Amino acid sequence: MDELAGSLESVTRAGPGGIAVEIETPRSFDAQPGQFVKLTAAVDGKDVSSFYTISSPRVTETFEITVAVDPDGDLGPWLSEAIPGVSLRVTGPFGTAHYEGESRVVIACGGPGIGPAVAIAERTVADGGEAVVIYQDDDPLHIDRLDALEAGGASIRVLGTDEPLAPLLTERVTEDTDEQVFVYGFSDFVDDIEATLDDVSTGRELKVENFG
Ligand SMILES: Cc1cc2nc3c(=O)[nH]c(=O)nc-3n(C[C@H](O)[C@H](O)[C@H](O)COP(=O)(O)OP(=O)(O)OC[C@H]3O[C@@H](n4cnc5c(N)ncnc54)[C@H](O)[C@@H]3O)c2cc1C
């Protein structure tokens, strides 16, 4: 897949240690919430790339990614200081764990997995569907968007890392064949959730994206 030329539109704070990065959409690029891209930038004269997942309900003139900034990382800290207009290169979209018009979505997410989760929930509600978001993080991001989703009728639960997520998830997963379960986050989180869902899922395909 070819690299597409884009540029940074804006960087805003999404919460403690997290940023929402708006990217000017490269020509001929389109993607669904939940798909991911490889983002490349010249950092101190060296090309640095990392994977990030689309966190805007639709790709329009711009699209958004949500980045949990790892202070020891290369691209995250650079993005948090970057100036609008700076060049970025986008490769993608990749991934099959994305929104496909499902009428009911149940999304379990941890850490920066909240990015695709709010995007898919916003899109589902905008398309007249039902959305359940169960989010585990001690320093949650996108609280404003979660509040707006809740006000719009979505079911939103934010848990600390010491609170059990499994009972809540098993309660919210139904037999509804139009329901799609999504899981987004780093490996430890995803492994735990997949183990939980093994017990409850009705054999339907889960849509899982593991951030490594
Ligand atoms: C499919 C996919 C989707 C993803 N989506 C998102 C997303 O939406 N949002 C998000 O925040 N993250 C996402 N990630 C995770 C993100 O790509 C990684 O966290 C990435 O490492 C961040 O890049 P960075 O340049 O900021 O940090 P990096 O420079 O990659 O460093 C990250 C950490 O790894 C350590 N590290 C780096 N190199 C080494 C090494 N050789 N040995 C040991 N430790 C090392 C660093 O010290 C640092 O602590 C996704 C990952 C995948 C695979």
Side-chain angles (χ1 to χ4, degrees), residues 1 3 6 8-23 25 29 31-59 62-83 86-99 105 107-123 133-143 145-146 158 161 182-194 205-212:
M1 218 178 263
E3 268 187 352
L8 182 73
E9 186 79 14
S10 68
V11 177
T12 49
R13 197 171 175 281
I19 52 175
V21 179
E22 201 78 23
I23 297 168
T25 303
F29 177 83
Q32 298 304 321
Q35 288 191 288
F36 63 96
V37 295
K38 183 173 93 172
L39 194 66
T40 304
V43 177
D44 305 331
K46 201 175 61 121
D47 275 358
V48 174
S49 298
S50 287
F51 293 112
Y52 298 109
T53 310
I54 309 266
S55 65
S56 38
R58 285 186 183 281
V59 169
T62 64
F63 68 93
E64 184 199 86
I65 57 171
T66 297
V67 177
V69 179
D70 182 329
D72 301 326
D74 292 333
L75 198 47
W78 181 86
L79 282 167
S80 61
E81 304 294 328
I83 310 294
V86 71
S87 313
L88 296 171
R89 281 161 280 148
V90 176
T91 313
F94 303 104
T96 56
H98 60 83
Y99 177 72
V105 297
I107 312 166
C109 59
I114 188 59
V118 278
I120 290 170
E122 286 164 349
R123 182 73 176 277
V133 178
I134 306 170
Y135 173 30
Q136 191 160 48
D137 201 303
D138 293 327
D139 297 308
L141 305 180
H142 289 310
I143 289 296
R145 289 170 72 178
L146 291 168
V158 181
T161 49
F182 296 83
V183 184
Y184 296 97
F186 286 110
S187 296
D188 298 352
F189 175 84
V190 167
D191 296 347
D192 285 355
I193 299 300
E194 285 190 308
E205 190 81 19
L206 301 176
K207 289 186 176 181
V208 178
E209 197 166 280
N210 190 325
F211 292 2

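Counting starts at 1 for both ligands and their atoms, in listed order. Below, all heavy atoms of this structure are taken into account, side chains as well, without hydrogens, waters or symmetry copies. Predicted model only: the values in this text are computed from it and were never measured.
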| said: Please tell me if atom 41 (N) of ligand 1 is touched by the protein, where touching means a protein heavy-atom distance below 4.0 Å. | reply: no
| task | Say whether, by atom type as modelled, one donor and one acceptor occur between the side chain of Tyr99 and the main chain of Ala119 under 3.5 angstrom. | result | no
| query | Okay, side chain of Thr53, backbone of Pro116: is any donor-acceptor separation there less than 3.5 Å? | reply | no
| task | Look up atom 44 (N) of ligand 1 and tell me if a protein heavy atom lies less than 4.0 Å from it? | result | no
| task | Could you tell me whether the side chain of Ser56 and the main chain of Glu64 form a donor-acceptor pair under 3.5 Å? | result | yes
| said: Can you report which non-hydrogen protein atom sits closest to atom 46 (C) of ligand 1, along with the distance? | reply: Asp72 O, 3.7 Å
| request: Starting from atom 18 (C) of ligand 1, locate the nearest protein heavy atom and write down its residue, its atom name and how far away it is, to 0.1 Å. | output: Phe186 CE2, 4.7 Å
| task | Could you tell me the residue and atom name of the protein heavy atom closest to atom 14 (N) of ligand 1, and the distance to it rounded to 0.1 Å? | result | Phe51 O, 3.3 Å
| So with a 6.0 Å cut-off around CG of Asp44, is the heavy-atom count from everything else above 12? | no
| said: For the OH atom of Tyr184 and the NZ atom of Lys207, what is their distance to the nearest 0.5 Å? | reply: 7.5 Å
| Which distance, rounded to the nearest 0.5 Å, do you find between the OG1 of Thr66 and the CG of Leu141? | 7.0 Å
| Passes side-chain contact (heavy atoms from CB on, under 4.5 Å), Val48 versus Trp78? Steps please. | CA-CA 10 Å; Val48 174; Trp78 181 86; over 6 Å; no
| field | Donor-acceptor contact below 3.5 Å, side chain Ser187 vs main chain Gly212 | value | yes
| said: Among Val37, Asp70, Asn210, Asp74, which one puts a heavy atom closest to atom 48 (C) of ligand 1? | reply: Asp70
| Taking atom CG of Asp138 and atom OG1 of Thr161, what is their separation to the nearest 0.5 Å? | 3.0 Å
| Student check: side-chain heavy atoms of Leu79 and Val69 closer than 4.5 Å | no
| said: Counting only heavy atoms, tell me which of Ser50, Gly18, Gly17 gets closest to atom 30 (O) of ligand 1. | reply: Ser50
| query | Is ligand 1 under 4.0 Å from a heavy atom in the side chain of Phe36, in the backbone, in both, or in neither? | reply | side chain
| Which of the atoms in ligand 1, numbered in the order shown and given with their element, are less than 4.0 Å from a heavy-atom of Val67? | 11 (O)
| field | Protein residue, atom and distance nearest to atom 11 (O) of ligand 1, heavy-atom basis | value | Ala68 N, 2.9 Å
| remark: for atom 31 (O) of ligand 1, nearest protein heavy atom and its distance come out as Gly73 CA, 3.6 Å
| Is there a donor in the side chain of Ser10 and an acceptor in the side chain of Glu22, or the other way round, less than 3.5 Å apart? | no
| atom 5 (N) of ligand 1 - nearest protein heavy atom and its distance | Thr53 OG1, 2.9 Å
| field | atom 26 (O) of ligand 1: the protein heavy-atom neighbour that sits closest, reported with distance to 0.1 Å | value | Gly76 N, 2.9 Å
| query | Counting only heavy atoms on the protein side, is anything nearer than 4.0 Å to atom 51 (C) of ligand 1? | reply | yes
| field | Non-hydrogen protein atom less than 4.0 angstrom from atom 36 (N) of ligand 1 | value | no
| remark: Closest to atom 7 (C) of ligand 1 (heavy atoms only, candidates Val43, Val69, Leu39, Thr66) is Thr66
| remark: Among non-hydrogen protein atoms, atom 25 (O) of ligand 1 lies closest to Leu75 N, 2.7 Å
